[in-house]
Amino acid sequence: MKRYRIGVLTSGGDCPGLNAAIRAVVCSASLLGWEVFGFIDGFEGLISPVRYQILNEEDTQGIISLGGTILGTTNRGRFTTKTGIGEVMRLPAHLIDEVKETLEGLGIGAIICIGGDGSLTAAQQLYEEGVPIVGVPKTIDNDLSATDYTFGFYSAVEFVCRSLDRLRTTAASHRRVMIVEVMGRYTGWIALYGGLAGGANLILIPEIPFEYSKIAYQVRKRIAEGNFQTMIVVAEGARPKEDPYYVVEEGKERPGEPRLGGVSRQLERVIHQMTGQDTRAVVLGHLQRGGEPTAFDRNLGMMFGAAAVGLIREKRFGYMVSYREGKIGSVPILEAIKELKKVDVHCPEIQTARAMGISFGEE
Ligand code: F6P
């Protein structure tokens with residue numbers, strides 16, 4: 001008898017925990033007697049030239065601890081549906097038809113899309129056109145609605161925290177202002193969690209526009225109090241109040257969604273000019289996305305992967321698995337992609353930071 005077949009793909013920027021999720025999909029599907037086709041490079045693997053790998057339990061042994069994704073991924077290309085906040089494009093009809101043909105041709109009954117906001121928007125559109133698809137949320141940015149956490153986030157936070165530990169000793173030796181730029185296009189989750197855990201003195205996030213004069217004031221105040229080193233964490237998408245544009249690295253503008261980066265260099269210049277302090281900027285960049293997942297992210301990835309197979313079993317297409325208040329559940333993909341989950345400026349982490357005298361650059 002022919003075995004039921006499902007597909008799995010990873011799409012969007014990679015993050016630690018993807019392989020754990022893939023392994024859980026494969027193990028739980030195998031237990032049900034299903035076959036798993038892993039599509040290569042995200043949705044791209046579903047269209048000509050179709051690329052996939054049949055995955056079984058043995059193939060995925062030992063991958064739980066690996067960063068990245070064994071299936072490959074892409075965060076642009078023909079399935080791009082979101083450019084910037086809220087600007088949604090429809091997938092061309094011929095792509096949707098091709099996806100359907102591939103699934104039909106291979107006898108695949110359903111597909112799991114492991115992706116962030118942009119990829120799940122594409123998944124939703126495919127679902128609306130009749131593709132049996134379920135979602136698994138992932139992103140280091142932790143900015144997806146309808147789930148408290150996405151895997152990849154805590155691994156990135158851990159790296160930021162360890163980087164601050166290292167940078168603090170050199171900043172102290174040289175009595176410098178050290179600015180650490182972290183990822184987070186539209187939200188400041190990584191900056192907030194990493195900065196708080198890593199003992200930052202100022203944390204600058206997109207949700208709280210900063211003022212240069214307030215940052216300079218904090219640096220001078222610290223010096224007056226005998227603290228000659230200042231640690232500042234800034235999310236790549238943080239912006240000054242007086243200049244509400246994202247800082248885009250020169251020569252790295254790209255149509256649709258700009259490639260952010262460089263806000264730390266801008267801060268480095270201005271803080272030095274305003275305070276006379278020796279100042280250095282460090283951009284952590286893709287180091288935050290690479291490397292092995294933390295135990296939390298491995299477990300979350302596996303819980304999501306196994307739950308996604310459960311969704312297919314129950315034929316709950318158009319749904320995404322989620323983690324809320326310590327429970328694994330599911331929500332319509334539509335709910336997860338309607339708006340980005342921003343940092344609530346009254347959340348306990350912000351309150352704690354403020355209570356400890358950590359500045360957000362606005363007062
Ligand atoms: O995964 C999201 C993200 O990490 C953003 O924070 C960042 O702006 C972007 O990916 C960088 O992506 P790329 O790999 O295209 O440089």
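For this chain, numbers begin at 1 and follow the sequence in order. Indexing begins at 1, ligand by ligand and atom by atom, following the structure's order.
Under the 4.0 Å criterion applied to side-chain N and carboxylate O atoms, Arg324 and Glu335 are assigned as salt-bridge partners.
When atom types are taken as modelled, the side chain of Thr73 and the backbone of Gly13 share no donor-acceptor pair closer than 3.5 angstrom.
Every atom of ligand 1 is numbered from 1 in the order shown, and the set under 4.0 Å from a heavy atom of Arg185 is 5 (C), 6 (O), 7 (C), 8 (O). Atoms of ligand 1 found under 4.0 Å from any heavy atom of His286, numbered from 1 in the order shown, are 13 (P), 14 (O), 16 (O). Of all atoms in ligand 1, listed by their number and element, those nearer than 4.0 Å to a heavy atom of Arg289 are 1 (O), 3 (C), 4 (O), 9 (C), 10 (O), 11 (C), 12 (O), 13 (P), 14 (O).
Aromatic ring centroids of Tyr127 and Phe317 lie 6.0 Å or more apart. Aromatic rings of Tyr193 and Phe153 (six-membered ring for Trp) have centroids within the 6.0 Å cut-off, being under it.
For the ligand labelled ligand 1, residue Arg76 lies inside the 4.0 Å heavy-atom shell.
Among the atoms of Thr139, none of the N or O lies under 3.5 angstrom from an N or O of ligand 1. Considering backbone and side-chain N/O of Ile140, none are found under 3.5 Å from N/O of ligand 1.
The aromatic rings of Tyr154 and Tyr149 sit tilted relative to each other, their planes meeting at an angle between 30° and 60°.
The hydrophobic cluster containing Val331 does not contain Phe304, counting ILVMFWY residues as joined when their side-chain heavy atoms lie under 4.5 angstrom apart, directly or transitively.
When non-hydrogen atoms are compared, ligand 1 lies under 4.0 Å from the side chain of Glu236 (C-beta onward) but not from its backbone.
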